[in-house]
Amino acid sequence: MGTSCYAGSSIEEEVEKSLCLSLGKVRVKADKFENEKPGFSVHNSNNTCLGSSSNASPSITQQAQPGVYPKYESGFENSPRVPVPLYPQSIWRDHILNGGVHFLGSNNLNGHANAYQPKNPLGNLTEETTKSRLSRGATSPSFCNWANQLNPCVNNWYQSSGEQYYRSNERIGMYSNGDRYPSSGISSYMGTQSSFNNDGCHGDQIFKLRSYADIARLAMTQPGSQSLINIMVASKDTFAKDTIFTGVFGSIFEVMNDSHGYYVFGKLIESCNYGQLRHIVAQMTLNTESLVSISTSKFGSKSIQRLVKVLEKSPLIYTLTLALSSVLEQLMTNRTGSFVILKCLNLLDTQKNEKIYETAERLCITLAQNEKGCIYLNEFITYSKTPYRERLMDEISSKSKLLSQDPSGNFVVQHVLGLHNPVFSAKICFELRDLYIKLSSQRGGSHVVEKCLNSSETDYVVNAFLKYEKLWQIARDQFGNYVIQTALKATKRANSPLYQMLLAKLEQNRNELMSGFGSKVLSLIDRGVPLD
């Protein structure tokens with residue numbers, strides 16, 4: 001550029017404030033001199049005046065920096081600054097303006113482009129990198145191309161000029177500093193279902209899919225989850241599926257625990273390859289607290305159960321069952337968590353459940369004495385397979401003297417007796433031989449004694465009753481009278497000689513039986529003891 005300067009004589013007042021043009025490393029500026037007439041001066045990159053009008057005042061210059069748009073000088077105070085670019089230059093490779101000039105590009109985010117390779121969206125998915133990607137709102141260079149599968153309207157993503165692009169995205173908040181996409185994660189802004197119409201993601205809403213975190217947000221809406229499921233079912237594009245995986249993986253616990261997200265998770269794991277499943281299992285087993293939390297929630301429990309089903313024939317199931325065995329006590333004292341363990345018992349063989357069985361055998365007495373654990377332990381015993389089922393029953397039978405007197409443990413002893421295994425029924429009846437009188441007067445213990453009377457070892461109990469001098473006291477007890485009625489029915493049904501001996505002993509104390517709960521026993525004798 002030449003060094004000649006020009007001084008205007010009739011510039012309008014509204015444009016007298018400032019004018020700045022940047023051409024390479026040469027800066028031309030408009031200045032005012034004392035008589036309020038504008039003048040121009042030209043400076044090179046060393047701030048040396050190349051030439052000026054005779055009346056031009058010294059100019060305040062600013063070093064022109066290559067690759068960066070110049071700021072507007074003072075004047076037009078309300079003009080917006082050029083926003084900080086959000087995307088690397090590589091995104092605009094196929095969308096360059098005249099003469100190869102880039103717009104709104106930046107080298108500031110090259111790290112984002114390196115973090116997500118189009119051919120392998122998974123990358124090194126560690127806990128730190130996952131959190132870092134979500135907090136930065138990182139975007140895949142090919143994300144816009146993939147997002148087009150969700151909505152054809154994404155073609156409007158690119159505008160014909162940089163100014164139109166900026167204005168369009170400023171309108172939807174892409175460059176705003178609000179809390180629309182805070183770095184704290186997806187929980188701060190989930191959007192609403194009204195953000196999407198019934199057909200999924202359309203129109204301007206597609207701009208929200210500018211990062212992997214947005215896939216997780218989309219998965220947790222009804223129309224969004226359906227759109228993602230349709231892509232995984234119908235699309236043959238592995239990149240699309242890998243991109244969905246990467247987006248969901250970054251917020252996998254939130255997605256699994258969501259009423260819509262768990263459907264996406266279920267379909268996702270069905271389409272995952274071994275490497276992706278390995279990453280999911282590693283994430284599930286990395287933190288036991290997270291595993292317990294997700295397994296004891298409604299939809300999280302369903303998600304884990306679906307994962308167990310998908311991994312049924314995979315060697316990864318051993319890693320998952322090992323992790324579940326480490327939190328067995330927490331899961332088996334929770335209704336929702338117990339469903340995960342029971343799913344493993346129903347679906348997997350004994351070899352894959354080995355760690356779970358071994359842990360259950362070690363904790364069975366503790367679980368039996370828990371108010372909720374005793375119920376879920378009974379279910380565990382029912383669904384257990386040989387030989388672990390017998391080992392559990394043997395352990396409980398050995399501690400039946402303790403458990404039968406426990407408010408919760410007596411239910412487990414009753415359950416084992418109700419399975420009618422002659423070996424363990426005999427063992428329990430033998431263990432309780434000195435406690436029948438005491439147990440007959442207890443709320444829970446009386447039920448244990450009735451179970452013993454209905455087992456193959458009825459004689460143990462009846463002989464203990466015949467040796468007791470004050471049998472009428474048991475017959476008059478609020479719980480004991482039911483035990484005596486059961487004893488009469490059991491011996492008569494078995495056509496045992498003990499029936500007549502028991503009947504004669506009760507008749508000896510008929511007067512004592514005429515009051516209190518003893519009248520129920522006496523009424524049964526007078527009516528005739530039924531066989532049922």
Side-chain angles (χ1 to χ4, degrees), residues 111-134 136 138-143 145-147 149 186 211-216 218-219 225 228-257 261-288 290-291 294-295 300 302-324 326 340 343-344 347-348 351-352 355:
H112 291 189
N114 294 332
Y116 297 97
Q117 298 298 331
K119 294 183 179 180
N120 183 17
L122 182 59
N124 296 323
L125 288 177
T126 63
E127 185 176 9
E128 293 182 0
T129 57
T130 299
K131 291 180 179 178
S132 175
R133 294 175 187 180
L134 285 178
R136 293 183 301 184
T139 307
S140 167
S142 302
F143 188 84
N145 296 332
W146 170 81
Q149 298 185 42
I186 67 172
S211 71
Y212 284 112
D214 293 330
I215 298 179
L218 187 64
S225 63
L228 294 176
I229 290 173
N230 290 341
I231 290 176
M232 289 186 284
V233 171
S235 177
K236 297 182 180 179
D237 184 5
T238 57
F239 174 76
K241 295 179 180 179
D242 290 346
T243 305
I244 294 175
F245 170 82
T246 307
V248 170
F249 185 83
S251 304
I252 192 166
F253 289 109
E254 290 89 341
V255 173
M256 292 172 66
N257 198 34
Y262 98 95
Y263 289 106
V264 177
F265 177 80
K267 185 57 64 176
L268 177 65
I269 57 179
E270 292 177 2
S271 61
C272 283
N273 56 42
Y274 179 83
Q276 292 170 334
L277 288 174
R278 182 166 54 84
H279 278 80
I280 291 177
V281 173
Q283 187 76 350
M284 294 294 101
T285 59
L286 181 66
N287 188 312
T288 55
S290 298
L291 181 59
I294 200 69
S295 299
K302 292 182 178 180
S303 297
I304 295 292
Q305 292 177 56
R306 296 188 73 169
L307 181 61
V308 170
K309 184 176 182 180
V310 170
L311 297 178
E312 179 182 2
K313 298 181 180 179
S314 170
L316 294 172
I317 193 63
Y318 292 96
T319 305
L320 183 59
T321 54
L322 177 62
L324 292 174
S326 67
V340 175
K343 185 70 173 181
C344 293
L347 203 60
L348 307 177
Q351 184 179 4
K352 294 173 181 176
K355 295 300 181 181

Is the shortest heavy-atom distance from the side chain of Leu277 to the side chain of Ser314 under 4.5 Å? no
Side-chain heavy atoms of Tyr318 within contact of Lys355, under 4.5 Å: no
Start with the C-alpha distance between Leu286 and Gln283, add both sets of side-chain angles, then the distance that settles side-chain contact (heavy atoms from CB on, under 4.5 Å), and finish with yes or no. CA-CA 5 Å; Leu286 181 66; Gln283 187 76 350; 4.3 Å; yes
Look up atom CD1 in Ile215 and atom OG1 in Thr246, then write down how far apart they are to the nearest 0.5 Å. 7.5 Å
Shortest non-hydrogen pair, Leu307 vs Met284, comes out as CD2-CG, 4.1 Å
Tightest non-hydrogen contact, residues Arg278 and Leu316, listed as N-CD1, 3.7 Å
Look up atom CD1 in Ile269 and atom NZ in Lys267, then write down how far apart they are to the nearest 0.5 Å. 10.0 Å
For Phe253 and Ile294, work out which heavy atoms get closest and say how close. O-CD1, 3.4 Å
Scanning both residues in full, the closest heavy-atom pair of Val340 with Ser295 reads CG2-O, 4.0 Å
So Phe249 and Leu268, side-chain contact (heavy atoms from CB on, under 4.5 Å) or not? Walk me through it. CA-CA 10 Å; Phe249 185 83; Leu268 177 65; over 6 Å; no
Identify the heavy atoms of Asn257 and Gly300 that sit nearest to each other, and give their distance. OD1-N, 3.6 Å
Can you see which heavy atom on Ser303 is nearest to which on Tyr262, and at what distance? OG-CB, 3.2 Å
To the nearest 0.5 Å, what is the distance between CD1 on Ile304 and CG on Leu291? 6.0 Å
Give the intermediate values and the outcome of side-chain contact (heavy atoms from CB on, under 4.5 Å) for residues Ile317 and Glu312. CA-CA 6 Å; Ile317 193 63; Glu312 179 182 2; over 6 Å; no
Donor-acceptor pair, distance only, cut-off 3.5 Å: does the side chain of Lys352 make one with the backbone of Thr321? no
In Å, rounded to the nearest 0.5 Å, how long is the span from CZ of Phe245 to CZ of Phe239? 14.0 Å
Within the side chain of Gln276, is there an N or O that forms a donor-acceptor pair under 3.5 Å with the backbone of Asn273? yes
Checking side-chain contact (heavy atoms from CB on, under 4.5 Å) for the pair Glu270/Arg306: CA distance, chi angles, key distance, verdict? CA-CA 9 Å; Glu270 292 177 2; Arg306 296 188 73 169; 3.7 Å; yes
